[in-house]
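This report refers to the structure that appears directly beneath it.
Computed from a predicted model, the values in this text were never measured in an experiment.
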Amino acid sequence: MGPDQYIRLSQLNDQIQDTINARFKGQTYWVVADITNHSFKADKKIHYFELVEKSASSSAITAKILGKSWGAGALKILDFEITTGQRFTNNLHVLVQVSVDFHPLYGLSVNLLDIDSNFMLGILEQQRNATLARLTRENDFIHKEGEGYSTLNSRLKLPAIIQRVAVISSSSSAGNEDFRHTMQHNDFGYVFQIDDYHTVVQGDNNAKLFLNKLIEVYNTGISYDAVVIARGGGSQSDFLIFDNYNIGRAVAKFPIPVITGIGHQKNVSITDLMAHTHTKTPTKAAEFIIAHNRSFEQHILSLQRTIAMKSQQLFLGYYKELSELKSTISHNGRELIAAQKEELLLQKQHISQASRNLLAKEKQHLLLTAQKALQRPQSIIQQQNSDLEHLKGKLKIFTGQYLRSRRLQLEDHQKTIKLLSPQNVLKRGYAVIRKNSKIVNGAGNIQEGEEIEIVVKDAILKSTVNEKIQYDGKHDDL
């Protein structure tokens with residue numbers, strides 16, 4: 001082969017460059033491809049990567065070309081990352097505008113001039129919607145309700161007070177530190193027990209590790225009040241793990257309420273939709289728990305105030321009723337004493353009149369006897385004197401006994417009045433049973449578990465019936 005039968009490589013590359021420039025100069029193309037081998041030179045603000053096309057059946061690469069982007073193209077990539085929340089990196093399926101370039105030293109490549117953000121958002125949304133549709137189709141415990149989803153987990157009832165919490169997060173997560181700091185330094189002095197379960201919380205390829213950690217929480221058998229999934233901010237690709245089908249299904253079926261505090265601002269993840277409650281950040285998750293406990297405390301305080309007010313109202317009502325009853329008893333007692341006094345006076349007048357009549361009669365009889373005595377022997381006079389003395393003694397005895405009998409009768413009436421008064425009845429150890437503010441005289445209307453009031457001599461006792469034992473009153477079991 002002679003010297004004139006070959007050319008230098010640079011000459012060949014120049015010819016290729018001229019041919020490509022003549023064919024592709026001034027032309028741009030929108031191309032769908034995947035990003036691989038990406039690197040970014042921050043000092044020069046240049047992206048280097050490869051665009052590849054993969055076979056739909058085998059995922060084998062069927063086409064590949066080098067790519068780069070700088071200047072206006074790099075700014076378009078920055079806009080793409082801001083709009084989608086997705087970092088421009090490997091394994092992205094993108095729609096990009098390119099121009100063809102050939103360099104004698106670096107070979108054939110394409111320059112990225114623009115990137116379609118809507119295309120990426122559409123792909124992510126399609127994947128997300130497909131996962132949600134599969135979740136509702138394959139799991140009968142997940143139902144779509146309006147714009148949200150009803151799951152086994154979301155239908156759980158939160159405990160009245162959340163105290164023991166399991167937190168699934170990264171060991172180096174600033175979001176977890178924010179959650180713990182907010183919980184431990186709350187304004188109300190609430191004390192929480194927080195158990196950490198550290199794992200990787202980004203990247204769809206780490207979904208198995210995250211799922212195992214969720215299973216570990218369940219297998220501990222600890223009665224957690226809630227499980228918190230905490231993660232700080234990051235790019236959209238960092239949150240793809242929370243759109244994973246298996247994680248979404250596990251959260252939807254988890255028997256402990258799950259509260260998410262995933263720090264993404266753009267979208268709500270599938271895990272958020274499957275959980276009991278979702279919040280924007282770990283701090284918001286902590287604030288939700290604190291607010292939940294505060295709501296319960298305020299409810300209890302409100303009940304306390306209501307009970308105190310009702311108790312005061314009941315006390316005033318019964319105090320007034322007892323005062324009226326006391327006044328009635330005193331009035332009736334005075335009337336009864338007055339009546340007995342009047343009767344006693346009548347009895348006294350009757351006794352006095354009867355005594356005078358008896359004395360007059362006996363005096364007349366005595367006079368007749370005296371007359372007869374003057375006419376009889378001394379023995380008759382002595383006998384009559386003896387009879388007279390005997391009769392006089394009987395009269396004194398009768399009069400004294402009669403007066404004592406009436407006085408004792410009056411005293412008995414007075415004692416009876418005092419003994420029958422409610423105060424004395426209560427002082428003897430008896431009590432009044434009331435239900436719904438009404439006095440009951442038997443257990444027929446009282447059931448176990450009902451609340452009753454027991455009025456004793458110096459208090460009103462509120463009680464709940466624990467047991468009801470029938471009693472016929474014939475056996476002294478008390």
Do side-chain atoms of T19 reach the backbone of Q15 as a donor and acceptor pair under 3.5 angstrom?
yes
Does the side chain to side chain contact (heavy atoms under 4.5 Å, CB included) test come out yes or no for H47 and H38, once each step is laid out?
CA-CA 7 Å; H47 293 268; H38 172 264; 3.0 Å; yes
R8 atom CZ, neighbour heavy-atom count above 12 within 6.0 Å:
no
Worked check of side chain to side chain contact (heavy atoms under 4.5 Å, CB included) between R249 and N139
CA-CA 8 Å; R249 182 180 184 277; N139 303 282; 2.6 Å; yes
Working to the nearest 0.5 angstrom, can you tell me the gap between R305 CZ and M309 CE?
10.0 Å
Could R294 and D187 be called an ion pair, given the rule that one side-chain N must be under 4.0 Å from one carboxylate O?
no
Could you tell me whether the side chain of V167 reaches within less than 4.5 Å of the side chain of D195, counting heavy atoms only?
no
Could you tell me whether the side chains of D272 and S269 share a donor-acceptor contact shorter than 3.5 Å?
yes
Looking at G175 and P282, what are the two nearest heavy atoms and their distance?
O-CB, 3.1 Å
Given side chains that start at C-beta, do those of K253 and F141 come closer than 4.5 Å, heavy atoms only?
yes
Aromatic Y149 / basic K144 pairing, under 6.0 angstrom, 45° off normal
yes
T62 versus K54, side-chain donor and acceptor atoms under 3.5 Å:
no
Any donor-acceptor N/O pair, N153 side chain to V258 backbone, under 3.5 Å
yes
Using a 3.5 Å distance criterion without hydrogens, assess whether the side chain of E81 forms a donor-acceptor pair with backbone atoms of L78.
no
How long is the straight-line distance from OG of S295 back to CD1 of I290, given to the nearest 0.5 Å?
13.5 Å
Is it true that atom NE2 of H143 has more than 12 heavy atoms of other residues, nucleotides or ligands lying nearer than 6.0 Å?
yes
Do D34 and H93 have side-chain N/O donor and acceptor atoms under 3.5 Å apart?
yes
Looking only at heavy atoms, the pair that brings A431 and I454 closest together is CB-CG2, 3.8 Å
Apply side chain to side chain contact (heavy atoms under 4.5 Å, CB included) to L113 and V98, showing your working.
CA-CA 5 Å; L113 306 175; V98 298; 5.9 Å; no
For the CG atom of N129 and the CZ atom of R134, what is their distance to the nearest 0.5 Å?
15.0 Å
Using 0.5 Å steps for rounding, measure from the CG atom of L92 to the CD1 atom of I115.
7.5 Å
Side chains of Y29 and Q27, donor plus acceptor under 3.5 Å:
yes
Quickly, which of D114, N111, T28 forms a side-chain hydrogen bond (donor to acceptor under 3.5 Å, both in side chains) with Q97? Name it, please.
T28
Is Q304 atom CD crowded by more than 12 heavy atoms from other residues, nucleotides or ligands, each under 6.0 Å away?
no
Taking C-beta and beyond as the side chain, do D243 and T271 meet within less than 4.5 Å on heavy atoms?
no
Would you say CD of E138 has more than 12 non-hydrogen atoms from neighbouring residues, nucleotides or ligands within 6.0 angstrom?
yes
In terms of heavy-atom contacts, Y197 and T220 come closest through OH-CG2, 3.5 Å
So do L158 and F288 actually touch side chain to side chain, heavy atoms under 4.5 Å?
yes
Less than 6.0 angstrom from the centroid, inside 45 degrees of the normal: does R231 satisfy that with respect to the ring of F242?
no
Exercise: do E177 and H181 side chains pair donor with acceptor under 3.5 Å:
no
Side-chain donor/acceptor of E50 to backbone N/O of N37, under 3.5 Å:
no
Using the salt bridge (charged side-chain N to carboxylate O under 4.0 Å, His left out) criterion, which residues pair with E53? Sequence neighbours excluded.
none
Check K462 with E453, please: is the shortest side-chain N to carboxylate O separation under 4.0 Å?
yes
Between Y190 and Q163: side-chain donor-acceptor atoms closer than 3.5 Å
no
Hey, is the main chain of N246 close enough, under 3.5 Å, to the side chain of N244 for a donor-acceptor pair?
yes
Does F88 have its ring centroid less than 6.0 Å away from the ring centroid of F49?
yes
Count the heavy atoms belonging to other residues, nucleotides or ligands that lie under 6.0 Å from NZ of K326, then report whether that count exceeds 12.
no
State whether the side chain of S327 and the backbone N or O of S323 hold a donor-acceptor pair below 3.5 Å, judged by distance alone.
no
Side chain proximity check, T283 to F179, heavy atoms < 4.5 angstrom:
no
Can you see which heavy atom on V251 is nearest to which on I229, and at what distance?
CG2-CD1, 4.3 Å
Pairing donors with acceptors under 3.5 angstrom, does anything connect the side chains of S223 and R164?
no
Where does the angle between the aromatic ring planes of Y106 and H103 fall among parallel (under 30°), tilted (30 to 60°) and perpendicular (over 60°)?
tilted
Decide yes or no for R180 and M183: does some side-chain heavy atom of the first lie under 4.5 Å from some side-chain heavy atom of the second?
no
If I take atom CG from residue L273 and atom OG1 from residue T260, how far apart are they, to the nearest 0.5 angstrom?
9.0 Å
Just do the side chain to side chain contact (heavy atoms under 4.5 Å, CB included) check on D116 and V96 with the steps written out, would you?
CA-CA 6 Å; D116 191 334; V96 293; over 6 Å; no
Taking the six-membered ring of F80 as reference, does the cationic atom of R87 (NZ for Lys, CZ for Arg) lie under 6.0 Å from its centre and within 45° of its axis?
no
Any donor-acceptor pair under 3.5 Å from H276 side chain to K157 backbone:
no
Side-chain contact, heavy-atom cut-off 4.5 Å: P255 with Y218?
yes
How about NZ on K68, more than 12 heavy atoms from neighbouring residues, nucleotides or ligands closer than 6.0 Å, or not?
yes
Decide whether T151 and S154 meet the rule of one side-chain donor and one side-chain acceptor closer than 3.5 Å.
yes
Heavy-atom closest contact (T464 atom, E451 atom, distance)
OG1-CG, 3.9 Å
Polar side-chain atom of T136 near backbone of A133 as donor-acceptor pair, under 3.5 Å
yes
Shortest non-hydrogen separation from T36 to N90 and the atoms involved:
C-OD1, 3.2 Å
Within this structure, what is the CZ-CD1 distance for the pair R334 and I329, rounded to the nearest 0.5 Å?
11.5 Å
4.5 Å side-chain heavy-atom contact, L51 and K64:
no
Whether N13 side chain and P104 backbone form a donor-acceptor pair below 3.5 Å:
yes
